[in-house]
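Every chain is numbered from 1, with letters handed out A, B, ... down the list of sequences. Keep in mind that this is a model prediction, so the values were computed, not measured.
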Number of protein chains: 2
Amino acid sequence: MFLGTYTNKIDDKNRMAVPAKFRDQLGGKCMLTKGFDECLYIYTMEDFEVMAAKIAALPQSDADFREFIRDFFGNSELCELDGQGRIKIPQNLREYAHITKDLVTTGAMNKVEIWSAETKADFDLAKKMKDSKFTDKLREFSI
Amino acid sequence: MFLGTYTNKIDDKNRMAVPAKFRDQLGGKCMLTKGFDECLYIYTMEDFEVMAAKIAALPQSDADFREFIRDFFGNSELCELDGQGRIKIPQNLREYAHITKDLVTTGAMNKVEIWSAETKADFDLAKKMKDSKFTDKLREFSI
DNA sequence: AGATTTTACCCCACTTTTCCCCACTTTTAC
DNA sequence: GTAAAAGTGGGGAAAAGTGGGGTAAAATCT
């Protein structure tokens, strides 16, 4: 289970250090994908396989499915951690997540989220604005 | 499994470098075909054989099938990678995909898609317009 | 058929990117 | 406070991407 929030930087070679706490669970490599809300996800190989198998089974005859398959696999990358526990983030994913320098990396149960620090700050601010609504929703689920 | 998105160029001799990550899976040669959505597909020899067998088995008595068979095989090409890992893209396929100079090559599970950069940009823009539908779909398959 | 032009393909050269490795700084643990 | 681990930066070799020359094969023309 991935837990906790970390701040880190991407360097000029587009490498990001995976927080040390997450490395053992990933076992030297991971799948980096496009996530919701303009952030990126890191999945374990196993979890990715499960998703990929479901998605690959969609009918190619449907244009929306084709787009979806293209978007999903085209924005997924197998990343091997280097000697220092870093992964390289490819251009298309950096652009999607507005990644330039400062990052926030946060564990989210079965995946790790990677945010541009700025995007995350904006997002958190926006969340505050609608916080009462959010609390109401939690109440529904008795949390 | 083909993954990731790459940008590349076609040169004056109509050659395109196949992204290095895809070469091992193709093993020196591949089948280049006309894809959906005004892009081209690269299949492994094995996957192409399977498809070709299915398509060849369609009843010739049906005019629509005859046309499809003609179109499919007429726009398929066996491509051998040269010493630098490039394939030559024939004229009919270049025209179909509006290929002139800049390309986007994207892995889509069992095939590789080759797009003219301009066509892909237009396509992606159109996709953004209907993004909510798309996001819902992703949500279905996310874990 | 022979000559000429075009196309294909092998090879070499240059530029850019990637990746491995080492070094330094900062944080964590004891 | 000291040692170890984590995070960050960068040099340099290797690989990937790109362009182009030269020769052989194919197509076209006369």
Side-chain angles (χ1 to χ4, degrees), chain A residues 2-32 40 42 74 76-95 99-107 112-117 120, chain B residues 2-32 40 42 76-95 99-107 112-118 120:
Chain A
F2 299 108
L3 295 173
T5 299
Y6 302 86
T7 58
N8 36 8
K9 295 183 206 307
I10 192 167
D11 66 20
D12 291 345
K13 291 180 177 177
N14 302 314
R15 299 172 300 188
M16 183 204 79
V18 175
K21 287 260 175 68
F22 298 156
R23 287 179 203 164
D24 287 346
Q25 294 176 71
L26 295 174
K29 58 186 172 178
C30 62
M31 294 301 308
L32 184 65
L40 307 179
I42 292 176
S76 295
E77 199 82 26
L78 171 59
C79 296
E80 312 223 8
L81 281 68
D82 71 10
Q84 277 78 260
R86 291 175 292 197
I87 56 174
K88 182 182 165 294
I89 301 180
Q91 185 190 3
N92 54 321
L93 293 178
R94 287 200 310 277
E95 281 173 6
I99 288 173
T100 51
K101 191 76 198 165
D102 291 303
L103 305 176
V104 177
T105 307
T106 171
V112 176
E113 294 187 358
I114 302 172
W115 291 78
S116 152
K120 184 73 160 62
Chain B
F2 299 109
L3 295 173
T5 300
Y6 303 85
T7 57
N8 37 8
K9 296 183 206 306
I10 193 167
D11 66 19
D12 292 345
K13 292 178 178 177
N14 301 315
R15 298 172 301 185
M16 182 204 79
V18 175
K21 288 255 175 72
F22 299 157
R23 286 179 203 164
D24 287 346
Q25 295 176 71
L26 295 173
K29 58 185 171 179
C30 61
M31 293 301 305
L32 184 65
L40 307 180
I42 292 176
S76 295
E77 197 84 22
L78 170 59
C79 296
E80 312 224 7
L81 280 69
D82 71 11
Q84 275 78 258
R86 292 175 292 198
I87 56 173
K88 184 182 164 297
I89 302 179
Q91 187 189 3
N92 56 324
L93 293 178
R94 287 202 309 277
E95 281 173 4
I99 287 173
T100 51
K101 190 76 198 165
D102 292 303
L103 305 177
V104 176
T105 307
T106 170
V112 176
E113 297 187 355
I114 302 172
W115 290 76
S116 153
E118 294 82 9
K120 184 74 160 61

Whether Arg86(B) side chain and Val18(B) backbone form a donor-acceptor pair below 3.5 Å:
no

Over how many whole Å does the gap from Glu77(B) atom CD to dA8(C) atom C1' extend?
13 Å

Under a 3.5 Å distance rule, please check whether Asn8(A) uses its side chain to pair with a backbone N or O of Ala17(A) as donor and acceptor.
yes

Does one side chain, of Ser116(A) or Asp102(A), offer a donor that lies under 3.5 Å from an acceptor on the other?
no

How far apart are the closest heavy atoms of Leu3(A) and Phe22(A), and which atoms are they?
O-CE2, 3.3 Å

Backbone of Gly28(A) reached by a side-chain donor or acceptor of Arg23(A) within 3.5 Å
no

Protein-proximity profile, nucleotides 10-24 of chain C, B/S/- by nucleotide at the 4.0 Å heavy-atom cutoff, equals BBB-----SBBBB--

Please give, in whole Å, the distance from dA16(D) C1' to Gln91(A) CD?
16 Å

Nearest-nucleotide check on DNA chain D, Tyr6(B) vs Tyr6(A); residue mapping nearer the 5' end is Tyr6(A)

Whole-Å distance, Asn8(A) CG to dT8(D) C1', equals 11 Å

Angle separating the five-pair end axes of the helix from dA1(C)-dT30(D) to dC30(C)-dG1(D), nearest 10°, is 30°

Nearest-Å distance for atom pair CD1/C1', residues Ile10(A) and dG7(D):
14 Å

Does a salt bridge link Lys21(B) with Glu77(A), judged by any charged N lying under 4.0 Å from a carboxylate O?
yes

Do the side chain of Lys101(A) and the main chain of Ile10(A) share a donor and acceptor less than 3.5 angstrom apart?
yes

From CZ of Arg94(B) over to P of dT7(C), roughly how many Å is that when rounded to an integer?
10 Å

Write down the distance between CZ (Phe22(B)) and C1' (dG17(D)), rounded to a whole number of angstrom.
15 Å

Glu118(B), CD: over 12 other non-hydrogen atoms inside 6.0 angstrom
yes

Which of these nucleotides, dG19(D), dG7(D), dG20(D), is closest to any side-chain atom of Asp12(B)?
dG20(D)

Quick one, Val104(B) and Thr5(B) - any side-chain contact, counting heavy atoms below 4.5 Å?
yes

